[in-house]
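Here's the structure we're looking at; comments come further down.
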Amino acid sequence: MSKKVRVRFAPSPTGGLHLGGVRTVLYNYLFAKQQGGDFIVRIEDTDQSRYVAGAEEYIFETLKWCGLQPDESTQHGGDFGPYRQSERKESYRKYAEDLVEKGFAYYAFDTGEELDAMRSRLRTADNPSPQYDRTVRMDMRNSLLLPKEEVDSLLQQDTPHVIRIKMPEGETVSFTDVIRGEVSFDTSVIDDKVLLKADGMPTYHLAVVVDDYLMQITHAFRGEEWLPSAPVHILLWRYLFGEEAMPQWAHLPLILGPSGKLSKRDGAKYGFPVFGMNWKDPKTGEVTEGFKEAGFVPEAFVNMLAMLGWNDGTEEEVFSLEELVQKFSIEKVHKGGAKFDFDKAKWFNHEWIKKLPPTNYKLQVKNIFAAKGVEIMDDVYFEKVLELVKDRCTLLPDFWEHSFFFFKAPKEVDFTPVLAKWNVSKKDFFYSFNKTLHSINDWKASSLETLFKQLAESAGIKAGELQLPMRLMLVGGKFGPPVFEIAEVLGKAETITRIESALEQAP
RNA sequence: GGCCCGUUCGUCUAAGGGUUAGGACACCACCCUUUCACGGUGGUGAUACGAGUUCGAAUCUCGUACGGGCUACCA
């Protein structure tokens with residue numbers, strides 16, 4: 001019988017959640033939901049120096065906006081808590097000490113200065129970053145070479161120390177990555193990673209293994225940047241719990257910016273968001289724009305992310321979250337990194353704006369309008385407007401330029417575009433057209449257009465030449481949806497008023 | 001430097017030994033539209049290079065080049 005699928009996303013609360021992070025969540029989520037499993041969010045806050053206030057809450061808000069709700073987390077509870085590693089601190093030491101006892105790890109008392117000295121002594125052009133490994137460990141201060149009594153006494157006196165893994169020499173550690181297949185490493189070139197820090201906190205390496213075990217994680221998906229440390233984790237599994245219990249690994253390809261790994265800087269430099277939602281650094285006050293605030297709908301954001309490194313093998317590209325859950329397969333995730341393309345992202349958003357009913361995003365558009373000084377009072381009218389112009393909008397703020405005139409009558413009508421062909425008979429046409437409008441009961445674009453054309457014909461004027469003036473009167477410029485549809489949405493009274501006031505200004 | 005991973009149009013990708021190497025974004029042209037868009041049709045454009053295996057290679061193998069990641073008491 002196979003175990004219930006359990007996956008986790010394990011972010012550090014150090015700042016905003018960028019594209020790559022959200023995609024990692026997404027792939028975890030899709031896999032879990034498809035397998036009927038659980039999606040867990042575990043907060044990896046073992047580095048107190050990097051902790052940033054508000055970052056944890058921010059992560060959950062972003063996930064909520066994306067519609068990727070965890071089954072278990074610091075916010076959602078669960079049977080495997082606590083879900084914050086700092087609150088699990090006490091559970092890690094015993095595993096580290098167990099490793100020391102078995103001879104797989106050792107105490108190291110080297111100070112920061114001693115480590116620096118070792119590194120600068122060994123640093124050469126050919127070896128720019130010397131490691132604490134089998135070649136140097138017997139020259140350092142650790143329990144491998146110190147007499148047992150001295151080690152005991154150092155420990156007794158609470159001498160600051162760490163516990164390091166003792167990397168075996170000449171072993172090949174290999175495993176099968178779900179995405180990459182067989183990957184192997186020679187342990188001789190891997191350093192003796194710190195497992196337990198001087199402050200008693202575990203490093204990522206120890207914590208991830210212990211918690212994945214304790215939380216019964218079955219599949220571990222993470223970014224490709226973790227691939228080089230995978231052998232450390234595999235060895236820890238082997239020493240501590242046995243490899244049979246180890247989760248299946250999948251190292252996801254990176255999302256690249258225009259030059260290398262996508263960074264916050266790229267966003268500022270190239271003018272696109274890299275975070276899910278706006279993130280304000282509490283220390284500097286610096287705000288980094290998010291996709292939400294840039295005017296993306298979550299459906300598009302998630303869809304776009306899913307397709308960055310995966311596709312279902314067909315030519316379909318637009319998928320809802322539900323469809324993704326159904327079609328996703330981790331094996332089809334690509335090996336190579338994908339460069340983020342903002343134009344393509346916008347295209348997804350455009351598709352989703354067209355597809356979604358305006359009720360999904362009207363609140364956000366309302367806020368955009370409010371910021372421009374237009375308060376929306378009539379929701380029914382508002383939705384009608386959004387429905388009419390949504391095909392022309394790529395990002396939510398575009399609604400403003402495509403529909404502000406439904407809420408603000410033009411003060412001055414610029415007749416310049418039609419001046420050359422303007423004459424008294426055309427002006428007369430609009431007077432009589434406007435008069436006829438009063439008696440219309442069937443206020444529909446199609447009937448308005450029919451009436452308009454009939455009247456134009458009997459006045460002996462080409463209807464086409466009257467359409468632009470009509471548009472100018474209703475919206476104030478050369479823009480907007482088809483003119484009679486504007487009139488329909490505007491309503492009888494407002495249409496008549498706008499034509500009247502425009503005629504007063506007409507030459 | 002060492003280790004690991006990767007490489008199909010500018011970008012995201014399809015094609016798992018036999019296709020005129022397909023689609024999408026972007027770009028260009030035309031059409032639709034007496035506004036601005038949307039939309040429609042078409043076009044430009046790719047298997048990094050070199051060997052090998054094979055009747056046949058984008059696809060398998062090796063090498064080279066290039067790109068990326070890691071190399072902290074950060075994750």
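These numbers come from the heavy atoms of this one structure, side chains and all, not from hydrogens, waters or symmetry mates. Chain identifiers are assigned alphabetically (A, B, ...) following the order of the sequence lines, protein sequences preceding nucleic acid strands; residue numbering begins at 1 within each chain.
Comparing Phe340(A) and Gly260(A), the nucleotide of RNA chain B nearest to each residue sits closer to the 5' end for Phe340(A). Across the interface with RNA chain B, nearest-nucleotide mapping of Val189(A) and Leu256(A) shows Val189(A) to be the residue nearer the 5′ end.
When distances are taken from the side chain of Glu224(A) to each of G68(B), A24(B), U35(B), the shortest belongs to G68(B). In the set C12(B), A75(B), C3(B), A75(B) carries the atom at the smallest distance from any side-chain atom of Ser12(A). In this structure, the nucleotide among C38(B), U71(B), C74(B) sitting nearest to the side chain of Thr203(A) is C74(B). Residue Leu308(A) places its side chain closer to C12(B) than to any other of C12(B), C5(B), U35(B). Out of U13(B), G23(B), A75(B), the shortest distance to the side chain of Glu317(A) is found at G23(B). Closest to the side chain of Gln131(A), out of C73(B), U71(B), G2(B), is U71(B). Nearest nucleotide to the side chain of Arg180(A), out of G1(B), C38(B), C5(B): C5(B). Relative to the side chain of Lys462(A), the nucleotides A75(B), U11(B), U34(B) differ in distance, and U34(B) lies closest. The side chain of Lys335(A) lies closest to G6(B) when the candidates are G69(B), C5(B), G6(B). Closest to the Lys261(A) side chain, of the nucleotides C12(B), A75(B), C70(B), is C70(B).
Across the protein-nucleic acid pair, Asp312(A) atom CG and A15(B) atom C1' stand 14 Å apart, rounded to whole Å. When the P atom of C70(B) is taken as reference, atom OH of Tyr204(A) falls 13 Å away, rounded to whole Å. Atom-to-atom, CH2 of Trp226(A) to C1' of G68(B) comes out at 17 Å; the value is rounded to the nearest Å. We find that NZ of Lys193(A) is positioned 8 Å from C1' of A72(B), with the value rounded to whole Å.
Applying the Watson-Crick and G-U wobble criteria (two distances, each under 3.5 Å), A21(B) pairs with nothing in any strand. Pair assignment for A58(B): none, as no Watson-Crick or G-U wobble contacts are both less than 3.5 Å. Within the shown strands, nothing qualifies as a pairing partner of A37(B) under the Watson-Crick or G-U definition with both distances less than 3.5 Å. Applying the Watson-Crick and G-U wobble criteria (two distances, each under 3.5 Å), A72(B) pairs with nothing in any strand. Under the Watson-Crick or G-U wobble criterion, with both distances below 3.5 Å, A48(B) is paired with U64(B).
Heavy-atom contacts from other residues, nucleotides or ligands closer than 6.0 Å to NZ of Lys427(A) number more than 12. For Lys354(A), the NZ atom is densely surrounded, since the number of other residues' heavy atoms within 6.0 Å is greater than 12.
For C36(B), neither phosphate oxygen OP1 nor OP2 lies less than 4.0 angstrom from any side-chain nitrogen or oxygen of Arg392(A). Contact between the side-chain N/O atoms of His334(A) and the OP1/OP2 oxygens of U13(B) is found at a separation under 4.0 Å. Distances shorter than 4.0 Å separate none of the side-chain N or O atoms of Asn311(A) from OP1 or OP2 on U13(B). The shortest distance between the side-chain N/O atoms of Lys197(A) and the OP1/OP2 oxygens of C74(B) is below 4.0 Å. At the phosphate of G2(B), neither OP1 nor OP2 sits under 4.0 Å from any side-chain N or O atom of Arg123(A). Taking side-chain N and O atoms only, Thr46(A) has a distance below 4.0 Å to OP1 or OP2 of A75(B).
Comparing the P positions of U13(B) and G18(B) gives a spacing of 23 Å, expressed to the nearest Å. Atom name P, nucleotides C28(B) and G67(B): the rounded distance is 30 Å, in whole Å. Between U61(B) and A57(B), the two P atoms lie 16 Å apart (nearest whole Å). Separation of the C1' atoms belonging to U64(B) and G6(B) is 15 Å when rounded to the nearest angstrom. For the P atom pair drawn from C74(B) and A26(B), the interatomic distance equals 45 Å after rounding to whole Å.
For Tyr361(A) and Phe399(A), the gap between ring centers is short of 6.0 Å. Aromatic pair Tyr270(A)/Phe342(A): centroids not less than 6.0 angstrom apart. A centroid separation of 6.0 Å or more is found between the aromatic rings of Tyr27(A) and Phe221(A).
No side-chain donor from either of Asp47(A) and Tyr204(A) sits under 3.5 Å from a side-chain acceptor of the other. At a cut-off of 3.5 Å, with distance as the only test, no side-chain donor of Thr124(A) or Asp126(A) sits close to an acceptor on the other residue.
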